[in-house]
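Take a look at the structure set out below.
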Amino acid sequence: MEHQSKIKPKQEAFAKTSLKMNKLVLTPVGYPLKVGDDSSPYLSTDDPSLFQHYARSQWIGLVVKNGNFLFDSLLFPDYAFRAITVEPKNSQITKNTQIFLYSEQKIDPANKVSQQHTTLSEIVGQQNAKEKCQIISKFLSNKELMKSHWAPKNILFWGPPGNGKTMMAKALSHNIKSTIFLIKASDLLGVYVGDGARKIKNLYAEARRSAPAVKFIDELDSIALKRNYQSIRGDVVELVSTLLGEMDGIDTNQGIITVGSTNQPKLLDSAILSRFEDLIEFKDPNHFERREILNLYANLSPIPFVEISWDLIVQQTAHWSGRDLKEKIIKSAIHYAVLYDRTKITMKELNDSLLKANIFNENLTYYS
Ligand SMILES: Nc1ncnc2c1ncn2[C@@H]1O[C@H](COP(=O)(O)OP(=O)(O)OP(=O)(O)O)[C@@H](O)[C@H]1O
Ligand SMILES: [Mg+2]
């Protein structure tokens with residue numbers, strides 16, 4: 001039988017050149033083959049000069065052009081890096097080549113939002129939060145202030161669902177015109193123990209690279225639980241301690257502000273809660289605010305609302321959230337009008353929406 005040699009990925013065949021390389025930037029790509037869902041390690045480095053030494057030691061003499069793959073043969077055999085910058089083009093790695101690692105790929109791009117269209121003026125009420133956002137944006141736009149000891153660092157938005165916490169984060173991003181990372185805390189829980197902690201570290205590393213930046217961690221209670229609840233998920237202990245470490249580790253002068261959001265501050269780990277210098281409550285809208293929210297969304301309707309007694313609706317919606325007013329009253333009335341080909345929306349459609357929502361609430365109470 002013919003001898004079968006083990007097939008190993010080879011460095012790509014490169015043309016001969018005497019051109020010496022000045023600069024090479026590599027980005028981790030992963031293995032040529034994957035096993036299961038998440039088998040590629042996330043590679044980054046704490047010490048760029050050590051990485052450079054490591055890279056030169058195995059790739060010295062290679063001629064590289066943009067897009068080529070370089071395979072690791074030391075720590076992670078066959079792990080591929082892609083050359084994303086080669087200066088000059090098609091040149092040879094020497095002992096003097098500056099080699100950098102650029103690793104960004106583990107942050108979900110959907111979480112990184114550089115600008116949002118929501119503005120502060122579209123949010124009804126929530127005055128304290130709006131003022132806080134203005135303070136944050138003033139600090140972020142002034143480098144000297146941001147470097148000072150007094151820059152905002154960790155802020156918690158809390159309150160019942162549907163009252164504009166996430167909306168405020170998006171408006172903040174619009175206001176500051178700098179990068180905001182919108183992260184759902186539950187997405188930080190990985191499949192394997194250790195995934196979550198790694199994701200948190202990556203996130204803070206990425207935020208440091210993008211500074212000035214705001215990190216908005218939505219639904220914080222899903223990971224930062226009190227110690228007596230942490231036994232429900234073993235790795236939550238690790239998540240909490242990683243988060244604490246990162247929250248403490250961020251110096252004010254690094255230009256990163258963490259905004260957390262929760263419906264249930266009482267469930268939060270007390271050490272995490274105490275890291276938030278400011279706790280901003282989002283309340284259900286009052287009488288005037290309910291009317292303003294209803295009018296705001298009715299004015300955006302493609303079908304006009306006519307002859308509506310808004311006061312009657314406002315009276316019947318005490319303790320409703322902004323989300324409920326928008327979705328269960330305005331949106332529901334628009335759907336009804338579309339279904340029956342109405343050219344206008346009247347009290348009838350609104351009363352039907354209200355009735356439907358009330359029946360739903362009553363049923364909910366009955367079954368709970
Ligand atoms: N004060 C408000 N002004 C205008 N619109 C509002 C207001 N509050 C809520 N809304 C509407 O309700 C939607 C839902 O609000 P949002 O997602 O910001 O609530 P939340 O406080 O983050 O809720 P949760 O705690 O469930 O995450 C918003 O996108 C917006 O359309
Ligand atoms: Mg939210």
Side-chain angles (χ1 to χ4, degrees), residues 108 110-113 115-134 136 155-176 180-189 214-225 257-268 272-273 276 278-302 305 310 313-314 317-335 350 353-354 357 360-361 364:
D108 181 358
N111 289 333
K112 188 176 169 179
V113 185
Q115 265 199 21
Q116 288 280 337
H117 295 296
T118 313
T119 60
L120 286 179
S121 63
E122 287 165 44
I123 303 171
V124 175
Q126 315 303 1
Q127 209 46 43
N128 289 343
K130 278 185 192 162
E131 276 171 17
K132 194 57 161 188
C133 288
Q134 279 158 354
I136 292 175
I155 291 148
L156 186 69
F157 288 172
W158 69 277
N163 282 318
K165 297 183 290 298
T166 303
M167 194 182 181
M168 190 70 75
K170 291 178 178 173
L172 173 65
S173 119
H174 180 87
N175 223 35
I176 58 180
I180 182 160
F181 294 84
L182 298 178
I183 307 118
K184 235 193 213 170
S186 52
D187 289 347
L188 293 173
L189 289 167
V214 174
K215 281 186 322 72
F216 180 75
I217 309 182
D218 217 347
E219 302 169 13
L220 192 62
D221 44 283
S222 62
I223 57 160
L225 288 169
I257 297 172
T258 302
V259 181
S261 158
T262 180
N263 300 141
Q264 316 205 56
K266 283 188 184 159
L267 292 186
L268 289 187
I272 293 220
L273 199 57
F276 289 102
D278 212 346
L279 288 90
I280 299 194
E281 186 182 4
F282 281 65
K283 295 182 178 156
D284 285 334
N286 64 26
H287 186 99
F288 301 104
E289 291 162 349
R290 290 204 295 284
R291 177 154 188 164
E292 210 181 321
I293 291 173
L294 288 165
N295 288 167
L296 172 77
Y297 292 111
N299 286 335
L300 297 176
S301 164
F305 283 73
W310 290 111
I313 309 289
V314 165
T317 49
H319 306 301
W320 284 40
S321 67
R323 180 189 285 140
D324 283 348
L325 295 170
K326 180 187 173 195
E327 303 285 330
K328 295 194 176 136
I329 299 287
I330 303 295
K331 191 171 178 181
S332 163
I334 293 172
H335 284 192
L350 282 189
S353 301
L354 200 56
F360 174 77
N361 288 341
L364 207 61

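Whatever order the structure lists them in is the order used to number ligands and atoms, beginning at 1. One-based numbering along the sequence shown.
Atom-to-atom distance recorded for Lys132:NZ and Ile136:CD1 is 7.0 Å, nearest 0.5 angstrom. In this structure, OG1 on Thr262 lies 9.0 Å from CG on Leu273, to the nearest 0.5 angstrom. The line from CG of Leu120 to CD of Gln126 is 12.0 Å long, rounded to the nearest 0.5 Å. Within the model, atoms CZ of Arg290 and NE2 of His319 stand 8.0 Å from one another, a figure rounded to the nearest 0.5 Å.
Closest protein heavy atom to atom 18 (O) of ligand 1: Met167 N, 2.9 Å. Ranking the protein heavy atoms by distance from atom 15 (O) of ligand 1 puts Gly164 N, 3.8 Å first. Ranking protein heavy atoms by distance to atom 9 (C) of ligand 1, first place goes to Gly162 O, 3.2 Å.
Counting heavy atoms closer than 4.0 Å to ligand 1, residue Asn263 contributes side-chain atoms (C-beta onward) but none from N, CA, C or O. Residue-level proximity to ligand 1 for Glu327 is absent, since no heavy atom of it falls below 4.0 angstrom.
Not a single donor-acceptor pair under 3.5 Å links the side chain of Glu131 to the backbone N or O of Asn128. Formation of a donor-acceptor pair under 3.5 Å by the Ser332 side chain with backbone atoms of Ser353 is not found in this model. Lys165 places no side-chain N or O within 3.5 Å of a backbone atom of Gly260 that could act as its donor or acceptor partner. Side-chain atoms of Asn263 come within 3.5 Å of backbone N or O of Gly159 as a donor-acceptor pair. Side chain of Lys130 to main chain of Ile123: a donor-acceptor pair is present (N/O by atom type, distance under 3.5 Å, no hydrogens or angles).
When all heavy atoms of Ile272 and Leu220 are compared, the pair lying nearest together is CG2-CD2, 4.4 Å. Here the shortest heavy-atom pairing between Ala169 and Phe157 reads N-CE1, 4.5 Å.
Excluding water, every protein N/O/S atom under 2.8 Å from the Mg ion (ligand 2) is given here by residue and atom: Thr166 OG1.
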Please report the C-alpha distance between Lys331 and Glu327 in whole Å, then the side-chain angles of each, then the deciding distance to 0.1 Å, and finally whether the salt bridge (Lys or Arg N to Asp or Glu O under 4.0 Å) criterion is met.
CA-CA 5 Å; Lys331 191 171 178 181; Glu327 303 285 330; 3.3 Å; yes
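Comparing Gln126, Arg323, Glu122 by heavy-atom distance to atom 13 (C) of ligand 1, the nearest is Arg323.
Not a single heavy atom of Gly125 lies less than 4.0 angstrom from ligand 1. Distances from ligand 1 to the non-hydrogen atoms of Phe157 include no value under 4.0 Å. For the ligand labelled ligand 1, residue Met168 lies outside the 4.0 Å heavy-atom shell.
Of the N or O atoms in Asp218, none lie within a sub-3.5 Å distance of an N or O in ligand 1. For ligand 1, the polar-atom distance check against Gly159 finds no nitrogen or oxygen pair separated by under 3.5 Å. For ligand 1, the polar-atom distance check finds no N/O of Pro161 at less than 3.5 Å from any of the ligand's N/O atoms. The shortest N/O to N/O separation between Val124 and ligand 1 falls below 3.5 Å.
Side-chain polar atoms of Asp218 and Ser261 form a donor-acceptor pair below 3.5 angstrom.
Contacts of Glu122 classified as salt bridge (charged side-chain N to carboxylate O under 4.0 Å, His left out), with partners at least two apart in sequence or in another chain: none.
Of all atoms in ligand 1, listed by their number and element, those nearer than 4.0 Å to a heavy atom of Lys326 are 31 (O). Per-residue contacts place Tyr297 under 4.0 angstrom from the following atoms of ligand 1 (heavy atoms of the residue considered): 4 (C), 5 (N), 6 (C), 11 (C), 30 (C), 31 (O). Those atoms of ligand 1 with a heavy atom of Ile123 less than 4.0 angstrom away are 1 (N), 3 (N).
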